[in-house]
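No experiment lies behind these values; they were computed from the predicted model shown.
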Amino acid sequence: MEVLEQLLANHPFLLGLKAKHLNLLAGCAARQEYGRGDFLFREGTEADQMFLLHSGRVTLEIHQPGIGEIQLESLLPGDVLGWSCLFPPYRWHVDARALEPAVVLILAGDCLRPKLDADPELGYAVTKRLLNKVHERLEHVRMQRLDLYNVRPGERIP
Amino acid sequence: MVASICHAREVAKREPTILGREGLSALLDTLRANGYQLVGPVVRAGAIAYEAIAGLDDLPAGWSDSQEPGRYRLSRNDSPALFAYTVGPQSWKKFLPGAVTTLWQAKRQPDGGFVIAEPPTAAGNYAFIGVRPCELAAISIQDRVLQGGEYCSTAYLARRQKNFLLAVNCTRPGGTCFCHSWGTGPKASANFDLVLTELLSPPGQRFLLEIGSATGAEIAVQIPQQIASPHELAESAQLLERASHQMGRTLATAGVKELLARNIEHPHWESVAERCLGCANCTMVCPTCFCTTLSDTTNLTGDQAERVASWDSCFTLAYSYLHGGSVRSSRQARYRQWLTHKLSNWFAQFGEAGCVGCGRCITWCPVGIDLTAEVGAL
Amino acid sequence: MKLAKSVPGAVTEAMVPEVVRVRQVIRETGDTITLNIAPPPRAGGFLFKPGQFNMLYAFGKGEVPISISGDPGHPSELLHTVRAVGLVTSELTKLQIGDRLGVRGPYGNGWPMERAKGNDLVIVAGGLGLAPLRPVIYHVLRQRGEFRRVALYYGARTPQDILFLHELEHWRGRLDLDLSVEVTVDRAGADWFGHVGVVTALLANAYLATDGTVAFVCGPEIMMRFAVRELERYGLARTQIWLSLERNMKCGVGLCGHCQYGPTFVCHDGPVYRLDSIGDLLSRREI
């Protein structure tokens, strides 16, 4: 338990979180390893966990019939994925696959949600960090969809 | 040797003298005898133009102009005055080196390669007759731009190396003039060989002659003249003093550089754009606008190619073309570029403003956009 | 027009291209090649600074500014990486071994290698923006001891659009070079095991000491604006960031007026600018 708490405390996403809050989160947490090619989650299945990437890389991808897998974004250590476990209908809408062996800290959704609701201070601290991540990722997505290295950037969005 | 002619006109100090009409005629003949081609003001298509002249008789005697934003009219009376108008749509950049210059030609070789050769530079020993003080300032600005930096325009340099400037002080400013705001007129102070001030008071038409360079002095000694009387000197000074109060326009030049630099975003640009046609007239008539585009052409068989430099304007879309589009696609951005370059960025690039107060851009704007008013509105 | 300053009698013809021959054509991607050109004969070879460019002339078609993508320490070789986007660049990408083209240059200021000495160097490149930065990497590898940590972050459109792929792999694999190389693409299929996402996302894991780091950024202008924002987010000051800008260029020597960017001429005041030297122009429209 203490090791887990330490891992959580050192994860960039939770940096600066109060000890009592880390303790609350640790109660929902587990450490999980994935091999190269393993799926962290599959589209359409129940979104029941949030993932804090400790090491390794994970890609978010989606399958298009006739084309195959399209990689949307690869995530690096320090990134967080699995926001869908916080909101109904609690279902994944992309696949997450390990590109290389990965160590992940998992927070169980049905454990996490009541704790965030019950303790607004914790709820806000986590939400604010999430919002910052969403902001960062949104910026990346904006830049990505501009298709900047195309001959006429932004003109043809495939 | 060459550089000293272009960069520093050595001033020979001598007493101002007086010429009659015959004296001026003799001066023009002397210039021609010294190998200069004379270029001066003539009436062409209802405006004052600069063209080759044979002598005094080609000058626009009795003509004067009236200029307002978007308006230019010439009229004639029976006055013998030769310089009673101000500047027309043309400026001396017509000859320095002109609107189109061939830079080089390339020829395909039998082995599939090609060679490049330069055409001979057209030197042209021009004596400009009747250069106004604002135009002297404009030539001096172009000197700095086209031959004052690390790289020079050789075509410009060739023309300026043997270029005689016979200036004329302005005793009658026009409706769009504001040279007094920049201190570039109405009296010539530098960058000329000889300068005239036309006097029309009794006993009749005569010209006060002052020397601005050693070359000017060499020419001046070859013509008959008299020492100017104190009365004539006083009259000339009085005419020029009066002229400086008769400018049709005024520009608040103090702080204009900073004013434009801090107003890159200003609602007024949009208001200008509503009127501006993007026609590029202002840049074509401007005596300091120096931008050229380079174009490449081939003959029909495709085995000969050449590159020409021709006047370009920041008001065209092609001017800022980048990756299939224009950086300044809106007219407001193009007007802002032009005005900000003239009155602000030019200082950073060349240490002075790119405007001399000649008023051409105001007169020849088809919708009468007035630079002095636009600056005032910022 | 030509250079007629300097020493009287020593007139260099700046507006007249020198005719040179293509030695080798390297296909980089579907629309991009690298021309290996026999450089114009100069005493000591064709010397240039990383980040400088030449004007390349395709017979009868016209001239374009193209940055030099080769090794500044190897002046007997002149490399230009060209993408077919317009009339002249399309013509240049069709050139074969032995074909002739015109060259004028080198022009522009180049990257401030002196300023990067003794510092960490972060290189951020997007798309074809890697080409003018490759000479920086060559320079660093030649003088590796003069720089501290050196990291290259490069974003391309797809795995097929990655420039200098073999070299990137080589640099990445050579531990003795001590060069960190991270490549990302905007889109990829399942057969790509590199990063997917924008180049700025990689900076989150970059080592950016706020003191003693300089950043060189080159790519499309929007990409550079995003990169600047990201670098500032991690604490770099505007005096630590350099960008290579692009504007329409005709003469390359400051006489034609086209490449003006605010109070500067990109051809001789740039193309490399320290971010603070251009004020807030980068975020202004239609400059």
- Counting distance only, does the side-chain N/O of Asp296(B) pair as donor-acceptor with the main-chain N or O of Gly60(C) below 3.5 Å? no

- Item | Best-contacting candidate, Gly257(C), Gly279(C), Gly254(C), Cys259(C), against chain B by heavy atom pairs under 4.5 angstrom | Gly257(C)

- Message: Angle between ring planes, Phe265(C) versus Phe290(B), binned at 30° and 60°: parallel, tilted or perpendicular?
- Response: tilted

- Look at the side chain of Asn345(B) and the backbone N and O of Thr264(C), then say whether any donor-acceptor pair between them is shorter than 3.5 Å. no

- Note on the structure: Between Arg328(B) and Gln260(C), the two heavy atoms sitting closest are NH2-O, 3.2 Å

- Item | Side-chain donor/acceptor of Asn248(C) to backbone N/O of Tyr319(B), under 3.5 Å | yes

- Message: How close do Ile116(B) and Val16(C) get, counting heavy atoms only, and between which atoms?
- Response: CG2-CG1, 3.4 Å

- Message: For Ile264(B) versus Leu281(C), what's the shortest heavy-atom pair and its separation?
- Response: CD1-CD2, 3.6 Å

- Measure the shortest side-chain to side-chain distance between Gln337(B) and Ile287(C) over non-hydrogen atoms and say whether it is less than 4.5 angstrom. no

- Task: Using the six-membered ring wherever Trp is involved, compare the ring planes of Phe114(B) and Phe59(C) and label them parallel, tilted or perpendicular (cut-offs 30° and 60°).
- Result: tilted

- Might you work through the side chain to side chain donor-acceptor pair (under 3.5 Å) test for Gln332(B) and Glu286(C), ending with a clear yes or no? CA-CA 9 Å; Gln332(B) 73 181 71; Glu286(C) 301 189 80; 6.0 Å; no

- Task: Of all the heavy-atom pairs spanning Thr293(B) and His258(C), show the shortest one and how long it is.
- Result: CA-CE1, 3.7 Å

- Item | Residues Glu63(C), Arg307(B); criterion salt bridge (charged side-chain N to carboxylate O under 4.0 Å, His left out); working and verdict | CA-CA 10 Å; Glu63(C) 211 179 39; Arg307(B) 175 169 305 157; 2.9 Å; yes

- Message: Is any side-chain heavy atom of Met15(C) closer than 4.5 Å to one of Thr154(B)?
- Response: no

- Item | Over 12 non-hydrogen atoms of neighbours within 6.0 angstrom of CZ in Arg285(C) | no

